[in-house]
Novice: 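Can you keep this structure in mind? I'll have questions shortly.
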Number of protein chains: 2
Amino acid sequence: MTKVDFAIGEAARQSGVKVPTIRYYEQIGLLPAASRTEGNRRLYDRRDLDRLAFIRHARELGFEVEAIRTLLTLQDNPDQSCAAADAIAKARLAEVERRIASLNALREELKRMVKQCASGKIGDCRVIETLADTTHAHGRLAEA
Amino acid sequence: MTKVDFAIGEAARQSGVKVPTIRYYEQIGLLPAASRTEGNRRLYDRRDLDRLAFIRHARELGFEVEAIRTLLTLQDNPDQSCAAADAIAKARLAEVERRIASLNALREELKRMVKQCASGKIGDCRVIETLADTTHAHGRLAEA
DNA sequence: CTACATCCTCTAGCGACTAGAGGAGCAAGA
DNA sequence: TCTTGCTCCTCTAGTCGCTAGAGGATGTAG
């Protein structure tokens with residue numbers, strides 16, 4: 001086996017994860033501590049790149065770091081049941097669907113606001129009026 | 001005019017904004033510094049409650065604090081054009097629509113993952129495999 | 001007078017990074 | 001060999017919008 005190693009910058013380029021983020025992942029134990037050169041620079045091999053790609057993809061799908069930590073542990077133990085992985089993915093799916101529903105409601109209200117704005121004076125502005133409208137139930141805050 | 005004042009706890013109950021959050025809003029200048037009793041307790045009147053409700057509603061719609069600061073300034077100057085308010089609302093709408101599109105894509109991928117999972121061993125798990133799949137372009141990370 | 005609720009200020013923590021300071025290592029050209 | 005300029009190192013602090021907790025003052029009901 002030819003052991004091919006990369007510097008952190010090259011690993012970042014290949015994986016699409018930024019250099020400081022890679023160091024951060026090492027710090028929080030998502031990535032094993034990289035081996036080092038004599039000059040104290042981190043070295044990465046293909047397995048590390050695979051792991052980074054895994055993490056990046058999972059982050060893109062919105063999995064939290066703790067969920068990814070579990071998924072990585074599962075990946076490292078291929079003989080276990082994948083029920084746990086399935087549960088994590090299902091929970092994430094449910095979360096995404098809740099977010100979509102919530103954002104669709106926001107979208108409708110924003111559309112109404114914007115549509116009714118006559119772009120005149122603030123005093124008559126529907127955007128401001130809608131926000132000032134106190135006839136709203138106390139709901140939960142929408143993230144992002 | 002009977003000037004009716006509330007303690008912070010009552011203001012929180014009426015506005016649906018938590019006590020520490022009200023203090024936080026004062027600290028960052030979103031709310032004017034409340035008047036105080038002799039015993040140094042904050043006092044709120046109806047105008048403050050209106051302002052709090054405005055902020056809460058705007059936060060529910062996902063406006064950032066800086067945007068709300070601008071919207072509040074606009075509200076305080078009813079003679080200005082509401083073009084700025086309109087622009088802020090439109091930007092937020094566009095953002096929400098981008099998020100929805102992005103979440104819909106995530107939803108599809110998660111659904112595929114979950115559907116293909118045979119709930120057997122990790123070694124054959126589609127969830128893990130999908131995440132490990134390196135044939136992905138480098139896209140942007142999805143928040144939340 | 002004694003509980004107890006509510007209030008005060010201040011500091012630190014959350015998640016997942018990101019930015020910047022201040023310095024060391026390293027490869028290539030003059 | 002020297003120097004330029006890039007990459008790398010560690011460490012600390014900042015981002016956003018709160019939230020939690022410590023430690024103490026004030027207010028109110030029985």
Side-chain angles (χ1 to χ4, degrees), chain A residues 5-31 33-44 48 52 54-72 92 95 99 138-144, chain B residues 5-31 33-44 48 52 54-72 92 95 99 138-144:
Chain A
D5 288 329
F6 310 95
I8 195 169
E10 188 55 28
R13 243 161 277 130
Q14 301 229 9
S15 69
V17 180
K18 289 182 199 157
V19 169
T21 306
I22 295 176
R23 287 196 278 247
Y24 169 71
Y25 286 160
E26 177 180 313
Q27 189 191 305
I28 64 171
L30 212 52
L31 225 44
S35 58
R36 302 284 183 127
T37 66
E38 276 190 34
N40 198 35
R41 294 175 173 217
R42 289 174 180 82
L43 284 179
Y44 298 91
D48 296 315
L52 269 174
F54 184 103
I55 295 170
R56 192 177 67 87
H57 192 188
R59 288 293 300 132
E60 277 171 11
L61 289 171
F63 288 99
E64 292 173 6
V65 162
E66 281 317 298
I68 297 174
R69 204 186 291 279
T70 304
L71 290 170
L72 284 166
R92 177 61 190 152
E95 203 181 308
R99 295 274 302 124
H138 295 181
R140 193 168 318 89
L141 299 184
E143 323 95 75
Chain B
D5 286 329
F6 310 93
I8 195 169
E10 189 54 28
R13 242 162 278 130
Q14 301 229 10
S15 68
V17 180
K18 290 181 198 156
V19 169
T21 306
I22 295 177
R23 286 197 278 248
Y24 169 72
Y25 286 161
E26 177 180 314
Q27 188 192 305
I28 64 171
L30 213 51
L31 272 184
S35 57
R36 302 285 182 126
T37 66
E38 276 191 32
N40 198 33
R41 291 171 177 222
R42 288 173 180 82
L43 284 179
Y44 297 91
D48 295 316
L52 268 174
F54 184 103
I55 295 170
R56 192 177 66 87
H57 192 186
R59 286 294 299 135
E60 278 172 11
L61 289 172
F63 288 98
E64 292 174 6
V65 164
E66 280 319 297
I68 297 173
R69 202 187 294 278
T70 304
L71 290 170
L72 284 166
R92 177 60 190 152
E95 204 181 308
R99 296 272 303 124
H138 295 181
R140 207 173 266 306
L141 298 184
E143 324 93 76

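Quick caveat: nothing in here was measured; it's all calculated off a predicted structure. We name chains A, B, ... by the order of the sequence lines, and we start the count at 1 in each one.
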Novice: Distances under 3.5 Å between protein N/O atoms and the N/O atoms of nucleotides 24-30 of chain D, please, pair by pair.
Specialist:
residue, atom, partner, partner atom, Å
D/dT26, O2, B/Arg41, NH2, 2.8

Novice: According to a strict under-4.0 Å criterion, is B/Thr21 in side-chain N/O contact with OP1 or OP2 of D/dT19?
Specialist: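 Checking D/dT19 against B/Thr21, a side-chain N or O does come within under 4.0 Å of OP1 or OP2.
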
Novice: Looking at C/dC17, I'd like to know if its phosphate oxygens (OP1 or OP2) sit under 4.0 Å from a side-chain N or O belonging to A/Arg56.
Specialist: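 No, because none of the side-chain N or O atoms of A/Arg56 sits under 4.0 Å from OP1 or OP2 of C/dC17.
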
Novice: Taking any heavy-atom pair under 4.0 Å as a contact, classify B/Arg42: base, sugar-phosphate, or nothing.
Specialist: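 Answer is sugar-phosphate: B/Arg42 comes under 4.0 Å of backbone atoms only.
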
Novice: Which heavy atom in A/Phe6 sits nearest to a heavy atom in A/Glu10, and how many Å separate them?
Specialist: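 Taking every non-hydrogen atom into account, CD2-CG, 3.6 Å.
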
Novice: Return the value, rounded to whole Å, for the distance between atom OH of A/Tyr24 and atom C1' of D/dT10.
Specialist: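 The distance from OH of A/Tyr24 to C1' of D/dT10 comes to 17 Å, rounded to the nearest Å.
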
Novice: Rounded to the Å, how far apart are A/Ile22 CD1 and D/dC9 C1'?
Specialist: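 For the pair A/Ile22 CD1 and D/dC9 C1', the rounded distance is 14 Å.
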
Novice: Is the backbone of B/Ala7 close enough, under 3.5 Å, to the side chain of B/Arg41 for a donor and an acceptor to pair up by distance?
Specialist: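 Not at all, since once roles are kept as given, no pair shorter than 3.5 Å links the two residues.
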
Novice: Give the rounded distance in Å between these two atoms: CD of B/Glu26 and C1' of C/dC7.
Specialist: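 Roughly 13 Å, once rounded to whole Å.
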
Novice: A/Arg23: which residues meet the salt bridge (charged side-chain N to carboxylate O under 4.0 Å, His left out) condition with it, sequence neighbours left out?
Specialist: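 Per chain and number, A/Arg23 pairs via salt bridge (charged side-chain N to carboxylate O under 4.0 Å, His left out) with no residue.
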
Novice: Measure OH/B/Tyr44 against P/C/dT6 and give the value in whole Å, please.
Specialist: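 One finds 16 Å between P of C/dT6 and OH of B/Tyr44, rounded.
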
Novice: Taking only side-chain N and O atoms of B/Lys18, does any of them lie within less than 4.0 angstrom of OP1 or OP2 on D/dC18?
Specialist: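 No, because none of the side-chain N or O atoms of B/Lys18 sits under 4.0 Å from OP1 or OP2 of D/dC18.
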
Novice: Go through the structure and list residues passing side chain to side chain contact (heavy atoms under 4.5 Å, CB included) with B/Tyr24, not counting sequence neighbours.
Specialist: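 Listed in chain order: B/Ile28.
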
Novice: Please give, in whole Å, the distance from C/dG15 P to A/Leu30 CG?
Specialist: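 Value for this atom pair: 13 Å.
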
Novice: In whole Å, what is the span from the CD atom of A/Glu95 to the C1' atom of C/dG15?
Specialist: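 After rounding, the gap between these two atoms is 13 Å.
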
Novice: Got a sec, which residues hit salt bridge (charged side-chain N to carboxylate O under 4.0 Å, His left out) with A/Arg69, two or more places apart in sequence or on another chain?
Specialist: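 Residues passing salt bridge (charged side-chain N to carboxylate O under 4.0 Å, His left out) with A/Arg69: A/Glu66.
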
Novice: Quick one: on DNA chain D, does A/Gly9 or B/Val65 contact a more 5' nucleotide (nearest heavy atom)?
Specialist: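 Its nucleotide being nearer the 5' end, the pick is A/Gly9.
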
Novice: Measuring to OP1 and OP2 of D/dG17, would you say a side-chain N or O of B/Tyr25 lies under 4.0 angstrom away?
Specialist: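 For D/dG17, neither OP1 nor OP2 has a side-chain N or O of B/Tyr25 closer than 4.0 Å.
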
Novice: What are the two closest heavy atoms between A/Ile22 and A/Leu31, and how far apart are they?
Specialist: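 Shortest heavy-atom contact: CG2-CD2, 3.9 Å.
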
Novice: Just jot down the side chain to side chain donor-acceptor pair (under 3.5 Å) partners of A/Glu64, sequence neighbours excluded, or say none.
Specialist: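 Side chain to side chain donor-acceptor pair (under 3.5 Å) list for A/Glu64, sorted by chain: empty.
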
Novice: Does A/Arg59 make a side-chain N or O approach to OP1 or OP2 of C/dC17 shorter than 4.0 Å?
Specialist: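 The answer is yes; a side-chain N or O of A/Arg59 sits under 4.0 Å from OP1 or OP2.
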
Novice: Taking OP1 and OP2 of C/dC8, is either one under 4.0 Å from a side-chain nitrogen or oxygen of B/Arg23?
Specialist: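 So the side chain of B/Arg23 is within the cut-off, an N or O lying under 4.0 Å from OP1 or OP2 of C/dC8.
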
Novice: When all nucleic acid strands are considered with a 4.0 Å heavy-atom cut-off, which category describes B/Ile28: base, sugar-phosphate, or nothing?
Specialist: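 Nothing: the residue B/Ile28, judged by heavy atoms under 4.0 Å, touches no strand.
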
Novice: Return the value, rounded to whole Å, for the distance between atom CD of B/Gln27 and atom P of D/dT19.
Specialist: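 Result: 14 Å.
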
Novice: Starting at atom CZ of A/Phe63, determine the distance to atom P of C/dG15, rounded to an integer number of angstrom.
Specialist: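 In whole Å, C/dG15 P and A/Phe63 CZ are 18 Å from each other.
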
